[in-house]
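What you see below is based on every heavy atom in this structure, not just the backbone, and it leaves out hydrogens, waters and symmetry mates.
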Amino acid sequence: MTRPYRELRFGGSPEEINAQWLEARKQGIGGSDAAGVLGMSKYATPLTVWLEKTGRSDPPDLSGNEKVYWGTVLEDVVAKEFAKRHPDMRVRRLNAMLWSVEHPFMFASVDRVLADSNGKRGILEIKTADKRLAEDWEEGVPDYYVPQPTHYLAVTGFDFYAVAVLVGGNAYKDFVFERDEDDVAVLIEREESFWRGYVETDTPP
């Protein structure tokens with residue numbers, strides 16, 4: 001079976017890899033852009049995404065952000081906890097940017113790739129949340145995070161996604177969802193309209 005995506009890998013020093021990754025991000029819509037494109041993000045809007053993709057602004061520099069730093073440090077911890085609680089799943093890191101073949105304006109940089117005991121494949125999205133956001137996670141994955149893993153399913157063609165979160169540094173939760181073809185189709189349509197209608201025509205949304 002032909003994979004619906006191609007893998008793009010980077011080489012060099014950590015600084016060079018990061019620079020290559022940031023440059024590649026400008027060539028399409030990634031999972032972290034999806035909620036912004038849909039107008040569902042707390043941190044981005046269709047306009048701010050458009051400004052970045054058209055080269056009018058740079059992504060925020062988060063190198064000195066303490067929350068981002070600790071989120072990165074704790075990623076392995078949360079991934080290991082997910083694996084411990086789901087022994088039926090194989091959890092592995094994939095050090096590549098995945099680009100959709102059918103929709104070449106869509107790419108994915110996933111935290112982990114999953115495979116369950118039935119041979120189904122999925123992605124694991126790892127989050128850390130401030131305790132002030134604990135209420136957002138009481139009923140499941142917050143709406144503003146759902147477009148990201150849905151986008152990853154659109155790129156990879158995988159069967160399910162999981163989200164694991166550490167809230168306030170001491171409350172772990174995880175959620176597993178089967179692929180919803182309607183949700184995937186709507187997201188692809190919205191992202192294609194954004195890319196074709198605004199980015200490619202250089203027209204602000």
Should [X] and [Y] be regarded as members of a common hydrophobic cluster, given that ILVMFWY residues are connected when their side-chain heavy atoms come within less than 4.5 Å of each other, either directly or indirectly?
{"X": "Val199", "Y": "Leu47", "result": "yes"}
{"X": "Phe82", "Y": "Phe160", "result": "yes"}
{"X": "Met89", "Y": "Tyr152", "result": "no"}
{"X": "Ile123", "Y": "Leu187", "result": "yes"}
{"X": "Met40", "Y": "Val163", "result": "yes"}

Using every non-hydrogen atom in the two residues, find where [X] and [Y] come nearest and quote the distance to one decimal.
{"X": "Val146", "Y": "Pro149", "value": "O-CD, 3.2 Å"}
{"X": "Pro147", "Y": "Ala35", "value": "CB-N, 3.9 Å"}
{"X": "Leu98", "Y": "Thr156", "value": "CD1-CG2, 3.8 Å"}
{"X": "Ala154", "Y": "Met106", "value": "CB-CE, 3.7 Å"}
{"X": "Gln148", "Y": "Ala34", "value": "N-CB, 4.5 Å"}
{"X": "Trp137", "Y": "Leu133", "value": "CD1-O, 3.4 Å"}

Practice task
Kindly write out the residues that satisfy ring-ring contact (aromatic ring centres under 6.0 Å, His included) with Phe158, not counting sequence neighbours, or none if the list is empty.
Solution key: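 Not a single residue meets the ring-ring contact (aromatic ring centres under 6.0 Å, His included) criterion with Phe158.
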Practice task
Report the C-alpha distance between Val141 and Phe177 in whole Å, list the side-chain angles of each, state the deciding distance to 0.1 Å, and finish with yes or no for side chain to side chain contact (heavy atoms under 4.5 Å, CB included).
Solution key: CA-CA 10 Å; Val141 179; Phe177 300 91; 3.7 Å; yes
Has [X] got a side-chain atom pairing as donor or acceptor with [Y]'s backbone, closer than 3.5 angstrom?
{"X": "Glu191", "Y": "Val37", "value": "no"}
{"X": "Asp183", "Y": "Asp180", "value": "no"}
{"X": "Trp50", "Y": "Tyr198", "value": "yes"}
{"X": "Lys26", "Y": "Thr54", "value": "no"}
{"X": "Arg90", "Y": "Asp116", "value": "no"}
{"X": "Asp111", "Y": "Ile126", "value": "yes"}
{"X": "Thr203", "Y": "Thr201", "value": "yes"}

Find the distance between [atom1] ([X]) and [atom2] ([Y]) and round it off to the nearest 0.5 Å.
{"X": "Leu153", "Y": "Ile188", "atom1": "CG", "atom2": "CD1", "answer": "10.0 Å"}
{"X": "Phe194", "Y": "Arg190", "atom1": "CZ", "atom2": "CZ", "answer": "11.0 Å"}
{"X": "Phe10", "Y": "Met97", "atom1": "CZ", "atom2": "CE", "answer": "4.5 Å"}
{"X": "Leu114", "Y": "Arg112", "atom1": "CG", "atom2": "CZ", "answer": "10.0 Å"}
{"X": "Arg179", "Y": "Arg121", "atom1": "CZ", "atom2": "CZ", "answer": "13.0 Å"}

Exercise for the section: Taking salt bridge (charged side-chain N to carboxylate O under 4.0 Å, His left out) as the test, write out the residues that go with Glu125, two or more places apart. Expected result: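 For Glu125 the salt bridge (charged side-chain N to carboxylate O under 4.0 Å, His left out) partners, ignoring immediate neighbours, are Lys127.
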Side-chain contact, heavy-atom cut-off 4.5 Å: [X] with [Y]?
{"X": "Tyr69", "Y": "Thr72", "answer": "no"}
{"X": "Val49", "Y": "Lys53", "answer": "yes"}
{"X": "Leu94", "Y": "Glu7", "answer": "yes"}

Tell me, yes or no, whether the heavy-atom count around [X] atom [atom1], taken from other residues, nucleotides or ligands under 6.0 Å, exceeds 12.
{"X": "Arg9", "atom1": "CZ", "answer": "yes"}
{"X": "Gln27", "atom1": "CD", "answer": "yes"}
{"X": "Asn18", "atom1": "CG", "answer": "yes"}
{"X": "Glu189", "atom1": "CD", "answer": "no"}
{"X": "Lys131", "atom1": "NZ", "answer": "no"}

Problem - Full working for salt bridge (Lys or Arg N to Asp or Glu O under 4.0 Å) between Glu23 and Arg25 - result: CA-CA 5 Å; Glu23 185 60 31; Arg25 278 188 52 84; over 6 Å; no
Distance-only side-chain donor-acceptor flag, [X] / [Y], under 3.5 Å:
{"X": "Trp21", "Y": "Ser109", "value": "yes"}
{"X": "Tyr172", "Y": "Asp174", "value": "yes"}
{"X": "Tyr144", "Y": "Asp136", "value": "yes"}

Practice task
Answer yes when Asp76 and Arg93 have at least one side-chain N-carboxylate O distance shorter than 4.0 Å, and no when they do not.
Solution key: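 So Asp76 pairs with Arg93 through a salt bridge.
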Problem - Ion pair check, Glu52 and Arg56, cut-off under 4.0 Å - result: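 Result for this pair is no, no salt bridge flagged.
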Exercise for the section: Can you label the angle between the Phe107 ring and the Trp99 ring as parallel, tilted or perpendicular, going by 30° and 60°? Expected result: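 Rings of Phe107 and Trp99: tilted, 30 to 60°.
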Problem - Val176 vs His86, side chain to side chain contact (heavy atoms under 4.5 Å, CB included): CA-CA, chis, key distance, verdict - result: CA-CA 11 Å; Val176 180; His86 296 270; 4.2 Å; yes
Practice task
Could you please spell out the steps behind the side chain to side chain contact (heavy atoms under 4.5 Å, CB included) verdict for Val78 and Val165?
Solution key: CA-CA 7 Å; Val78 178; Val165 61; over 6 Å; no
